[in-house]
Amino acid sequence: MDYQFKDIEKKWQQFWADHQTFKAEDKTAKPKYYVLDMFPYPSGAGLHVGHPLGYIASDIFARYKRLKGFNVLHPMGYDSFGLPAEQYAIQTGQHPAITTETNIATYRRQLDQIGFSFDWSREVRTSSPDYYKWTQWIFMQLFNSWYNKDADKAESIAKLVEHFEQNGSVGINAVCDDEILSFTADEWKAKSHNEQQSELLKYRLTYLRESTVNWCPALGTVLANDEVKDGFSERGGFPVEQKKMMQWSMRITAYADRLLKGLDTIDWPEPLKEMQRNWIGKSVGASVKFRIEASPRPSPKEREAVKVLSFGEDLGEAIEVFTTRADTIFGTTFLVLAPEHELVASLTTPEQKGAIDAYIAQAKKKSELERMADAKTVSGAFTGSFAINPVSGEKVQIWIADYVLAGYGTGAVMAVPSGDQRDYLFAKYYNLPIIPIIDIQNIETEADPTKEGHYINSGFINGLTYKEATAAVVAKLEELGAGKAKVNFRMRDAIFGRQRYWGEPVPVYFKDGLPYLIDEKDLPLVLPEVDKYLPTESGEPPLARATGWNYIASPKSSPKERTLKRDEANSLSFGEGRGEAYPYEHSTMPGWAGSSWYWYRYMDAHNDAAFASEEAIEYWKDVDLYIGGSEHATGHLLYSRFWNKFLKDIGKVVEEEPFKKLINQGMIQGRSNFIYRIVSRINIPNIHPDAVSISHTFVSYDIVKKIWNNELLQVQLDELLNAYDRNYNISFDINHLQFQQNHVPVEFVDNDILDIDKWRKWRGDDIEADADFIGNFNGKFVCSWEVEKMSKSKFNVVNPDELIERYGADTLRMYEMFLGPLEQSKPWNTNGIEGVFKFLRKFWRMFHNDAWDFKVSADEPTKAELKSLHKIIRKVEEDVERFSFNTSVSSFMIAVNELTDLKCNKRAILQDLVIVLSPYAPHICEELWTLLGNEAGTLSYVPYPKFNPAYMVEDEYAYPISINGKTKMNLNISLSLDPPAIEAFVLANADVQKYLDHKSPKKVIVVKGRIVNIVL
RNA sequence: GCUCAGAUGGUGGAACUGGUAGACACGCAGGACUUAAAAUCCUGUUCCCGUAAACGGAGUGCGGGUUCGAUUCCCGCUCUGAGUACCA
């Protein structure tokens, strides 16, 4: 039989499913290997051809590792909470769970037909209560923990309370809120329960705090920093504004240093590590206090604010700044505060109030975007107040300007115009002094941030170098109590609440305005039913619509019963027989909650008693290979590392880093095709000088190009214009000939040649169906192409289903790999797929005679055949280990071409070849494997053939002979010869002598087994 | 602006530690088979000069350098893509 890929692929997919061929074992003597894909959000659009790229690569790797004797865990699941399903619910009223279910079914069908070796028995869905029970559980552990800086790890809140009871707040070095209280043990014990709880909240790793959030009115929710791009929401592109809100946050900043250090221990792409480093944004510097002079009498409230900022009581009111260049402190000629800085009002003198107020008003109006676009314009206002430089005693002006950001550092900077370009521009613009502080500094036209040279105009550090000066200044500041060395991070705590329905409920209820965890045995806290998926009229999140959705302490019924039977819960009156009812938290968790630990669930997907058993975690440990897109660099991949480190701290997992090796597959871009329509400008005097007539005539792109380049012969041009005139009876000037570029669906285009009939059919009744197509001189109609994002509106989406229908999954798998290096972004182009399909047919034919009967010979293989086989055995091994899948596809083609030329149909060769190819094209290989007489389904676990170098040994090598580095000819020389013998042999050759032309060579380079180079 | 990645035929790409640049495939051109088309097979295909071959010259974004020899290493630049930003 000819290669019947449809039957073969269906048969084996069914076989694998029926026999659970790829079920990973939990206990085995084999070494473990965990290959993970970033699980998809099941969107309604289904998979396009770009999605499976990474899955195919990881599947090849997983299958290869099985052949290499590993116990491979290769699971798949769905990140099934998310915005699109909810938005669809808002529009249609359909429950997101139903939408999600439908989409998952589509995804599963599409994934199944590509022939992945996933262990589906371990499937996870983040939106399933069995799963999010544990997401909620992890949240509870975070709530019950604080970060002990001395131990450099998270510890339980109980331990903190113990310390407070014994020693008060003394001796606690925690990552916590800024406004913590100081108290003794007795004072702590004297506090009310509510006071204690409210203080503890300042330490918890997940906490409730009023914070400035990215509020997206259009989506009605809060967004994380990484979900906002240039002031607009990443999803939907709606404007985002800053708003103060009570929000759940995650104290990820506690882990900033460990997240940074851990990057050095993992095998990830360097650009991605760099992105995380930038995101964490560690800067080492110093914080410095500038005492305020002659400030107007502050109000008590402002005085309080000042106190918080200062750390040396004796200095009175001060402004704290952060600088990475403490050494430049003598060059400070003014201070700049962010317009939002809390001291601005108290610093403003009556004379300056008008200017300051006007500036603040103007700054407020500017959106984030305008502020960025405006980066070059200098603007600011003088407060009228002065501050004292703590080391020089100089009096400097205090200004406000929006180039200083409220959210970074302390929201205030010491301006050193000689060393900082922004300060320099500001000083020039407002005529403020600029003092050079380093002898070699050149500040004629711009700031010079050099660290070379020696200090001048700098008091006690004059003459010192950068390193010495920095140390001296910091020491002096500490001595004066006016500053200290400080490390600042750009990273902020992660906002954890979303005003959304389709997410994990937060397992928290409120009592006296304070949050408390629900009882662990009441997990999962199931998402309640609501009548509508919109916020309430008062702006509460959708969960506030769930009537009677309250936590009832000490219930009699089981938690499941209680949360599922909403009607029953509704009928409960407050406190009725079952304890008090308290309102639950109404916001839900963000999209990244469920994906921040899912790789552990695969290890033990059905465990009711833990997120995964200790034994399972001890065995599988971490992910050996993780493949996914780089778009998750600062989101998922950072949060996952954070949760992993936390879980390690509390002793629940064994590895500090979750993903040992990570590979980013490149993005598959779209490749759009265009056709060109004649548009001619009709000059109707006095009425519409720029009127354009849009014709229904299209011109082949190669002709269009020639017209643009004036390359068309007059005869050809006449012919073209005649065709046009014939149809429209308009004669026009060639100078008025213009073209309009139109997208054309890529499925009507083959190698950039348009199938006009398909196009007409597609246009249907439209008048365009009768359009004229002026082809090229070969009668073909050529389209142009461009790389764009793959999208429906650009008609360039290629669906894997159609390709599988035409060529089969094995061809699709190999073609996706053949396209180019895995990590490189590239446009999808179906043009080359025929070549891969032909290869598989050729491969199939090797096992069959001319009548398509299966026929292999039992003869001993020849040396040449063995050489071909062992070449590919080694090549695939090397390529897979370095994730160079495209090159092994080429090598397979070479091997099959060679063996076909040798007319090889020997079992001894073909059987091994089947094993080597099976990770790439599993279906055809399974079929041939059974045809060869092996037991069905055993192919996935047979040992990978052993490479034998003996078959590669050659006696002779065709040495390239080059003269002055240019190859002229090849000479067959025995490999047993030594360089001097080779040299003699080559120089004795008559052809070589011809090139030498009686000259004697200056030098002869012989590299054994490589090359001979004669220098003349 | 900064950081990172990249630039090789008409196209996708190969050349792994400096050693025959363009493997493999697409496309294109020509041919065989066929009434014809599809499918299949064969030949050619970096560019230039030579009507064909031999032969010769140029050639991996640009300009230099190191080397017997550079797509590969070094210096300077151009362009493309990605990320990021008044981060003090």
Side-chain angles (χ1 to χ4, degrees), chain A residues 229-230 269-275 277-279 281-283 285 321-325 328 336 338 371-372 374-378 401-405 407-416 419-423 425-426 449 488-490 630-631 633-634 664 666-667 669 671 750-753 778 785 787 815 818-821 823-836 838-839 841-842 845 875 878-879 882 884 886-894 897 958-970 1001-1007 1009-1016:
Chain A
K229 289 244 146 48
D230 301 333
E270 199 47 50
L272 202 131
K273 288 192 190 179
E274 201 56 32
M275 278 162 77
R277 284 191 196 107
N278 289 337
W279 187 260
K282 179 176 180 172
S283 22
V321 302
F322 175 75
T323 178
T324 51
R325 293 292 302 271
T328 65
V336 190
R371 212 163 136 164
M372 273 191 325
D374 238 19
K376 299 257 146 50
T377 334
V378 177
D402 64 4
Y403 81 83
V404 177
L405 306 176
Y408 183 76
T410 59
V413 303
M414 56 178 227
V416 183
D420 183 285
Q421 185 58 17
R422 292 156 308 178
D423 298 345
L425 291 173
F426 198 83
N488 220 356
F489 290 97
R490 196 186 79 105
S630 61
E631 65 272 21
T634 51
N664 289 130
M667 247 231 312
Q669 295 141 302
R671 185 184 191 274
D750 191 16
N751 281 310
D752 296 331
I753 307 293
N778 295 324
W785 62 273
V787 175
Y815 184 60
F818 189 54
L819 222 46
E823 300 184 69
Q824 189 176 304
S825 282
K826 56 228 153 192
W828 177 267
N829 186 348
T830 310
N831 289 349
I833 199 168
E834 293 274 352
V836 173
K838 275 190 223 164
F839 156 76
R841 292 184 54 159
K842 205 167 173 181
R845 202 158 48 228
K875 176 76 175 155
E878 285 171 357
D879 285 353
R882 65 189 173 107
S884 175
N886 56 325
T887 48
S888 16
V889 178
S890 301
S891 305
F892 282 126
M893 290 172 172
I894 294 169
N897 288 346
Y959 278 87
I961 311 300
S962 53
I963 312 240
N964 289 336
K966 287 264 171 209
T967 308
K968 296 293 181 188
M969 58 194 291
N970 286 56
K1002 274 194 197 127
K1003 201 173 179 184
V1004 179
I1005 313 273
V1006 178
V1007 183
R1010 282 236 189 244
I1011 200 166
V1012 177
N1013 190 16
I1014 302 169
V1015 187
L1016 283 180

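Bear in mind that the values here come from a model prediction, so they are computed numbers and not experimental data. Numbered from 1 within each chain, the chains take letters A, B, ... in sequence-line order.
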Could you tell me the separation between the [atom1] atom of [X] and the [atom2] atom of [N], rounded to a whole number of Å?
X        : N       : atom1 : atom2 : result
N488(A)  : rC87(B) : CG    : P     : 13 Å
F426(A)  : rA88(B) : CZ    : C1'   : 14 Å
D423(A)  : rA88(B) : CG    : P     : 12 Å
Q669(A)  : rU80(B) : CD    : P     : 16 Å
E270(A)  : rG83(B) : CD    : P     : 18 Å
M667(A)  : rA82(B) : CE    : P     : 8 Å
R422(A)  : rC2(B)  : CZ    : C1'   : 12 Å
K1002(A) : rG69(B) : NZ    : C1'   : 15 Å

Which letter, B, S or -, goes with each nucleotide of nucleotides 37-44 of chain B from 5' to 3', with contact meaning a protein heavy atom under 4.0 Å? ---SS---

With sugar-phosphate taken as primed atoms, P, OP1 and OP2 and all else as base, the protein-contact string of nucleotides 10-22 of chain B at under 4.0 Å (heavy atoms; B, S, -) is --BSSSB--BBS-

What's the gap between [N] and [M] when it is taken at their [atom1] atoms, as a whole Å value?
N       : M       : atom1 : result
rA29(B) : rG18(B) : P     : 42 Å
rC26(B) : rU80(B) : C1'   : 24 Å
rG12(B) : rC33(B) : C1'   : 31 Å
rU72(B) : rG59(B) : P     : 14 Å
rU60(B) : rA23(B) : C1'   : 15 Å
rU34(B) : rU71(B) : C1'   : 46 Å
rA58(B) : rU3(B)  : C1'   : 38 Å
rC55(B) : rA5(B)  : C1'   : 43 Å

Reading RNA chain B from 5' onward, which residue's closest nucleotide shows up sooner: M275(A) or M414(A)?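 The 5'-side residue here is M275(A).
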
RNA chain B: 5'-proximal contact among A412(A) and I1014(A) (nearest heavy atom):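 The residue whose closest nucleotide sits nearer the 5' end is I1014(A).
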
Going by atom types only, do S962(A) and N1013(A) share a side-chain donor-acceptor pair under 3.5 Å?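 Judged by distance alone, the side chains do pair up.
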
Listed partners of Y959(A) passing ring-ring contact (aromatic ring centres under 6.0 Å, His included), at least two apart: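 Y959(A): ring-ring contact (aromatic ring centres under 6.0 Å, His included) contacts with Y957(A).
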
Identify, with sequence neighbours excluded, every residue that meets ring-ring contact (aromatic ring centres under 6.0 Å, His included) alongside F426(A).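 In terms of ring-ring contact (aromatic ring centres under 6.0 Å, His included), with neighbours along the sequence ignored, F426(A) is linked to F334(A), W399(A), Y403(A), Y430(A).
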
Quick check: F489(A) with W279(A) (ring centres under 6.0 Å apart)?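 For W279(A) and F489(A), the ring centres are not under 6.0 Å apart.
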
Assigned glycosidic conformation for rG44(B) [threshold 90° from 0]: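 Base orientation: anti.
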
Return the orientation label for the F892(A) and F839(A) ring planes: parallel under 30°, perpendicular over 60°, tilted otherwise.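 Tilted: the ring planes of F892(A) and F839(A) meet at 30° to 60°.
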
Please answer whether the main-chain N or O of I1014(A) pairs with a side-chain N or O of K1002(A) as donor and acceptor at a distance below 3.5 Å.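 Not at all, since once roles are kept as given, no pair shorter than 3.5 Å links the two residues.
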
Counting distance only, does the side-chain N/O of R325(A) pair as donor-acceptor with the main-chain N or O of P449(A) below 3.5 Å?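 Yes; at least one donor-acceptor contact below 3.5 Å.
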
Choosing from rC87(B), rA25(B), rG57(B), which nucleotide comes nearest the side chain of M893(A)?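 Selected nucleotide: rA25(B).
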
Taking only residues two or more places apart in sequence, or in another chain, which ones meet I753(A) in a side chain to side chain contact (heavy atoms under 4.5 Å, CB included)?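 Partners of I753(A) under the side chain to side chain contact (heavy atoms under 4.5 Å, CB included) test: K780(A), V782(A).
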
What's the spacing between S884(A) OG and K875(A) NZ if we round to 0.5 Å?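 Atom-to-atom, S884(A):OG and K875(A):NZ are 6.0 Å apart.
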
How long is the span from the CD1 atom in I961(A) to the CG atom in N970(A), to the nearest 0.5 Å?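 Reported value, rounded in 0.5 Å steps: 7.5 Å.
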
Examine rA88(B): is either OP1 or OP2 under 4.0 Å from a nitrogen or oxygen in the side chain of Y408(A)? Give yes or no.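 For Y408(A), the contact criterion (side-chain N or O under 4.0 Å from OP1 or OP2 of rA88(B)) is met.
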
Secondary-structure stems, RNA chain B, at least 3 Watson-Crick or G-U base pairs under 3.5 Å: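 Stems found: B:1-7 with B:78-84, B:10-12 with B:24-26, B:27-32 with B:40-45, B:46-48 with B:56-58, B:61-65 with B:73-77.
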
Under 4.0 Å, counting only non-hydrogen atoms across every strand here, what does N897(A) touch: a base, just sugar-phosphate, or nothing?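 Contact class for N897(A): sugar-phosphate only.
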
Under the side chain to side chain donor-acceptor pair (under 3.5 Å) criterion, do T887(A) and D879(A) qualify, and how do the steps go? CA-CA 7 Å; T887(A) 48; D879(A) 285 353; 3.0 Å; yes

With a 4.0 Å cut-off on N to O distance, would you call R277(A) and E270(A) a salt bridge?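 Answer for the salt bridge query: yes.
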
Between K842(A) and N897(A), is a side chain to side chain donor-acceptor pair (under 3.5 Å) present by the stated rule, with each step listed? CA-CA 8 Å; K842(A) 205 167 173 181; N897(A) 288 346; 2.8 Å; yes

